[in-house]
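All values below were derived from every heavy atom in this structure, side-chain atoms included, with hydrogens, water molecules and symmetry-related copies excluded. These numbers come from a predicted model, not from an experiment. Numbering starts at 1 and runs along the sequence shown.
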Amino acid sequence: MKTAFYAPMKSPNNPTPSGDRRMARLFMAALERAGAKVELISEFRSFDKAGDPTQQVRLKREGEAEAHRIVENYRNQPKEAWPDLFFTYHVYHKAPDWIGPLVAEALDIPYYIAEASHAPKQENGRWASGYKAAANAIKKATRVFHMTRLDGACLGQLVSDPKHLIHFPPFIETKPDGQGDAAAMVLDAGGRLDRMSLLSVGMLRGGDKFKSFAQLSKTLPLIGGDDWQLLIVGDGPKESEIRELFQGMESRVHFLGRRTEAELVSLYSFADLYVWPAVGEAFGMAFLEAARSGLPSIACRVRGVPDVVADGESGILVDPDDIAALASAIRQALDDQELREQMLKSAIDFVAKERSLQAAADRLSDYMKEDVK
């Protein structure tokens, strides 16, 4: 089965790492594991960050021209060389899909969208053109895979048949081998080995990340006890300001800087709890990374976080912005070794059975067998 793949927001080949690029690559890998031969059909980026109507007109024109080029290219080849499926990753008002609907219709093949979102408040806003195009693509899609239940609630307004709308939560690669001495990393950062370790991973930047670190800094004094420390992994332009948030807590809060994926795996295995308020978090792949290593998460019940943290199983979720509840949940887990061990096993099982690359491939395979003739 041949699949044409496209990511209007950010190409899987983009040199800048991001969660968006990672999920695009994960979907390509899942499709291949499901038996598809995947071809990245275009590098065209439809993303308009500023909400500029002039730019949106240009992007529409260029996107449609790219679609016509792709169609003509296939029509000049034998039909057996055509794709059997068109798969687009991440469609919304700032990054509509000008290509997929046209190509899928011209070649008469199923059209899938993964991680679609629909924001009715944008209908007459600065991205009105992109809003209409994204809504049109979603309406035409054979399957719309939404990664959070929150997105699914809005997308239901667009699909003509409920069976076209499918909750397809985030998934993750097989755990790579951990490399590096986590204990040495902690000691080098000024930490101690005789304390339980809370771990937070995130870019040290403004916006929602800064707000999460700010909430975390207010949470720590409420935890109580002297048996824990916080390890922060990441770097970024707001590092000095974020360090200031934890002023006076230097004996408890240790910055480990940016770490490689292999080093991070070792730190996930070393730590006792993953802690993150998740302000504004779409879902947060770090929660799945932690669970994959058996590290339970303590977080807030924000947006798509319940789709990556199984409350009461792979972690504990509290209400958004409830700092006292977050501190209480951390203290509860620190005091209850049996609970931590139970969540450790449940977290590994949760990822293996429900959020693994293989689980995603198996689900995609079932849908493709049904839709591709």
Side-chain angles (χ1 to χ4, degrees), residues 3-12 19-20 23-24 26-28 30-31 41-42 44-49 51 56-57 59-60 62-64 66-67 70-71 83-170 282-283 303-304 307 360 363-364 367-368 370-372:
T3 298
F5 188 93
Y6 173 54
M9 170 70 180
K10 191 174 191 179
S11 169
D20 204 76
M23 280 309 308
L26 276 167
F27 268 108
M28 292 181 78
L31 286 164
I41 203 68
S42 177
F44 175 71
R45 193 179 193 201
S46 70
F47 179 60
D48 170 32
K49 183 178 181 179
Q56 289 167 34
V57 170
L59 290 169
K60 177 180 184 293
E62 293 178 359
E64 290 177 343
E66 177 75 343
I70 292 168
V71 170
D84 303 293
L85 171 71
F86 198 104
F87 193 107
T88 297
Y89 170 70
H90 203 173
V91 174
Y92 74 126
H93 61 276
K94 291 185 181 180
D97 185 4
W98 297 110
I99 297 176
L102 290 174
V103 175
E105 184 175 5
L107 302 183
D108 192 26
I109 58 176
Y111 171 49
Y112 284 6
I113 294 176
E115 195 170 353
S117 61
H118 177 60
K121 66 181 180 181
Q122 298 295 337
E123 183 174 8
N124 298 307
R126 289 185 295 157
W127 289 274
S129 173
Y131 169 89
K132 292 174 184 175
N136 177 64
I138 292 164
K139 288 176 182 177
K140 290 186 174 182
T142 311
R143 303 278 184 181
V144 179
F145 301 108
H146 62 97
M147 305 191 75
T148 71
R149 294 177 178 87
L150 185 65
D151 285 336
C154 289
L155 290 165
Q157 306 170 27
L158 295 178
V159 297
S160 58
D161 187 333
K163 77 174 185 179
H164 295 169
L165 184 61
I166 298 148
H167 181 222
F168 204 103
F283 43 82
R303 299 183 65 186
D307 293 287
R363 291 193 69 194
L364 288 173
Y367 292 119
M368 291 189 293
E370 184 176 342
D371 296 327
V372 178

#### Entry: Derivation of the side chain to side chain contact (heavy atoms under 4.5 Å, CB included) call for Met368 and Leu31
CA-CA 10 Å; Met368 291 189 293; Leu31 286 164; 3.9 Å; yes
I'd like to know if the side chain of [X] reaches the main chain of [Y], judged simply by a donor and an acceptor atom lying under 3.5 Å from each other, with no hydrogens or angles considered.
X	Y	value
Trp127	Asp48	yes
Arg45	Met9	yes
Glu115	Tyr92	no

Please name the pair of heavy atoms, one in [X] and one in [Y], separated by the smallest distance, quoted to 0.1 Å.
X	Y	result
Val103	Ala67	CG2-O, 3.8 Å
Ala116	Val144	CB-CG1, 3.8 Å
Leu165	Gly152	CD2-O, 3.7 Å
Arg363	Pro169	NH1-CD, 3.8 Å
Ile138	Ser117	CD1-O, 3.9 Å
Ala24	Pro12	CB-CG, 3.9 Å

### Query
Step by step, would you call Phe47 with Lys10 a side chain to side chain contact (heavy atoms under 4.5 Å, CB included)?
CA-CA 8 Å; Phe47 179 60; Lys10 191 174 191 179; over 6 Å; no
If I take atom [atom1] from residue [X] and atom [atom2] from residue [Y], how far apart are they, to the nearest 0.5 angstrom?
X	Y	atom1	atom2	result
Ser46	Gln56	OG	CD	10.0 Å
Ile166	Leu364	CD1	CG	9.0 Å
Leu102	Phe86	CG	CZ	9.5 Å
Thr142	Glu370	OG1	CD	11.0 Å
His146	His118	NE2	NE2	14.0 Å
Met147	His167	CE	NE2	8.5 Å

#### Entry: salt bridge (Lys or Arg N to Asp or Glu O under 4.0 Å) contacts in which one or both residues fall within residues 144-158, not counting sequence neighbours
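Salt bridge (Lys or Arg N to Asp or Glu O under 4.0 Å) check on residues 144-158 returns Arg149-Asp307.
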### Message
Please evaluate residues Tyr89 and Met23 with respect to the criterion side chain to side chain contact (heavy atoms under 4.5 Å, CB included), reporting the C-alpha separation (whole Å), side-chain torsions for both, the decisive distance (0.1 Å), and the verdict.
### Response
CA-CA 8 Å; Tyr89 170 70; Met23 280 309 308; 3.1 Å; yes
### Query
How are the rings of Phe87 and Phe5 set relative to one another: parallel (under 30°), tilted (30 to 60°) or perpendicular (over 60°)?
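Ring orientation of Phe87 relative to Phe5: parallel.
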Let me check something: any side-chain donor-acceptor pairs from residues 105-114 under 3.5 Å, sequence neighbours excluded? List them with distances.
residue: Tyr111; atom: OH; partner: Asp97; partner atom: OD2; Å: 2.6
residue: Tyr112; atom: OH; partner: Tyr367; partner atom: O; Å: 3.1
residue: Tyr112; atom: OH; partner: Asp371; partner atom: OD2; Å: 2.4

### Query
Does any non-hydrogen side-chain atom of Ser129 lie less than 4.5 Å from one of Val57?
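Not in contact.
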